[in-house]
Amino acid sequence: MEPIVLVHGGAGNVRDSRVPPKVAAVKVAAIRGYEVLERGGSAVDAVEEAVRTMEDDECMNSGHGSVLNSEGKVEMDSSIMNGATMDAGCVAVVRDIAHPVSLARMVMEKTPYVMLAGEGAMGFAKEMDVEMLPPGALVTDDAQKALEIYKQTGGVFYEIGETETVGEVGTVGAVALDFNGHIAAATSTGGLNGKHPGRVGDSPIIGSGTYARDDVGAVSATGHGETISKWCLAHSIITAMQRGADPQTATETSLNQMTDKLKETAGAICISKEGKVGIGMTTKRMSWAYRKGDELVYGIDKGKQEVENVSAGSNTCSMG
Ligand code: GLY
């Protein structure tokens, strides 16, 4: 069994100008996560590091670069799950911290709870000596522009079709299988541009945005949070795998059934306990990358992927 780190940088109608930085960001995140495994880290360590890397990248809708709520503020959601123990930690509506995924991990490892939200989560962050950034430190020019456009137009999100998305689509997530055969998943987001203050999406909900169990696999989802939550997308992919589907079929089937039924879109990444991958979207685009051994595989347009040997050149081919 070969270890793997698979990440996504969000599903949606990613605008063309954001394609190169998003692809670059997911490649770096997959590599950084894998390096953690090579240094002897666990799957939990690897998904945390991969997600932290993307939380620092302002072309992603998480951490620095998160979209803004209707009051112009960043409110973030995140979760992490350890497939070995099925322990999970989640935070919702947190602000002014660089790495919500690490706070979620603290909830998992240092409290008897699965989720802390709002002021309680912020109080917990202070108890844990998490660095508090000055208000507004996570707000980017791009996010401010996106909120202005949202307010002028009413916003267009996750539309099926060719409509250019207003605002960032870039929830981030990672799944990993480590050298000891353990599995983990994590997800982090700024949610929806222009959202009502206090709105919570799928990303911090175990079974919707994130799920991991060593005896089946792991999933991180991205896309329209209300729809993913109603469908319990991550758990539905895990259930399909338990019933014998391979990860790619489980991911595509669950996503297609969800979009057929609820008329909204999403994407998901998945690994099985053997380290086989599932990468699916009912959106136009989803940036993703994985590192397995010397191979770095990545893509953003549906049906297309590129393969790079970490020490050699690259070539493009079609996803089967
Ligand atoms: N999937 C991210 C959100 O809707 O909040």
Side-chain angles (χ1 to χ4, degrees), residues 7-14 18 22 26 51 54-55 57 59-63 65-70 73-81 90-95 100-101 104 115 117-118 121 138 143 146-147 150 155-160 165-175 185-211 219-237 251 254-255 258-259 262-270 279-288:
V7 309
H8 70 75
N13 287 331
V14 178
R18 276 276 160 126
K22 274 189 184 294
V26 289
V51 168
M54 293 186 281
E55 287 175 336
D57 194 314
C59 80
M60 300 299 191
N61 174 16
S62 63
S66 287
V67 296
L68 307 180
N69 70 13
S70 59
K73 294 186 175 136
V74 166
E75 287 183 343
M76 302 167 290
D77 303 332
S78 185
S79 61
I80 190 163
M81 187 163 185
C90 316
V91 291
V93 202
V94 295
R95 53 176 202 278
V101 71
M115 185 187 288
L138 298 171
L147 182 63
Y150 173 82
V156 180
F157 298 97
Y158 307 114
E159 287 280 333
I160 300 169
T165 300
V166 179
E168 197 48 85
V169 287
T171 293
V172 305
V175 292
T187 309
S188 188
T189 192
L192 291 182
N193 186 19
K195 68 189 177 182
H196 194 287
R199 177 264 185 189
V200 177
D202 60 298
S203 303
I205 310 291
I206 294 303
S208 293
T210 301
Y211 207 74
V219 177
S220 172
T222 162
H224 189 254
E226 284 66 19
T227 301
I228 295 168
S229 296
K230 286 182 229 172
W231 199 251
C232 299
L233 179 62
H235 198 265
S236 102
I237 294 170
T251 304
S254 299
L255 280 162
M258 184 201 78
T259 293
L262 298 174
K263 311 299 176 207
E264 285 282 4
T265 57
I269 56 169
C270 166
I279 297 157
M281 64 194 93
T282 53
T283 50
K284 184 177 155 194
R285 285 176 166 151
M286 176 179 75
S287 54
W288 61 269

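Heavy-atom basis, side chains included; hydrogens, waters and symmetry copies ignored. Whatever order the structure lists ligands and atoms in, that order sets their numbers, starting from 1.
- The shortest N/O to N/O separation between Ile228 and ligand 1 does not fall below 3.5 Å.
- Between Asp202 and ligand 1, at least one N/O pair is under 3.5 Å apart.
- The atoms of ligand 1 that sit less than 4.0 Å from any heavy atom of Gly223 are 1 (N), 2 (C), 3 (C), 4 (O).
- Not counting sequence neighbours, the partners of Ser254 by the side chain to side chain donor-acceptor pair (under 3.5 Å) test are Ser236.
- Listed by first and then second residue, the salt bridge (Lys or Arg N to Asp or Glu O under 4.0 Å) pairs involving residues 221-232 are Arg199-Glu226 (not counting sequence neighbours).
- Shown in contact with Ser203 at under 4.0 Å from a heavy atom are these atoms of ligand 1, numbered in order with element: 1 (N), 2 (C).
- Contact annotation: for Arg199 versus ligand 1, heavy atoms closer than 4.0 Å belong to the side chain alone.
- Each of the atoms 1 (N), 2 (C) of ligand 1 lies under 4.0 Å from some heavy atom of Thr171.
- At a 3.5 angstrom cut-off on N or O pairs, Gly201 does not count as close to ligand 1.
- Of the possible donor and acceptor atoms, one in the side chain of Glu55 sits under 3.5 Å from a partner among the backbone N and O of Val101.
- A donor-acceptor distance shorter than 3.5 angstrom exists from the side chain of Asn193 to the backbone of Ala146, with no hydrogens or angles considered.
- Using modelled atom types and a 3.5 Å distance limit, the side chains of Ser62 and Ser188 yield no donor-acceptor pair.
- Using modelled atom types and a 3.5 Å distance limit, the side chains of Thr210 and Ser79 yield a donor-acceptor pair.
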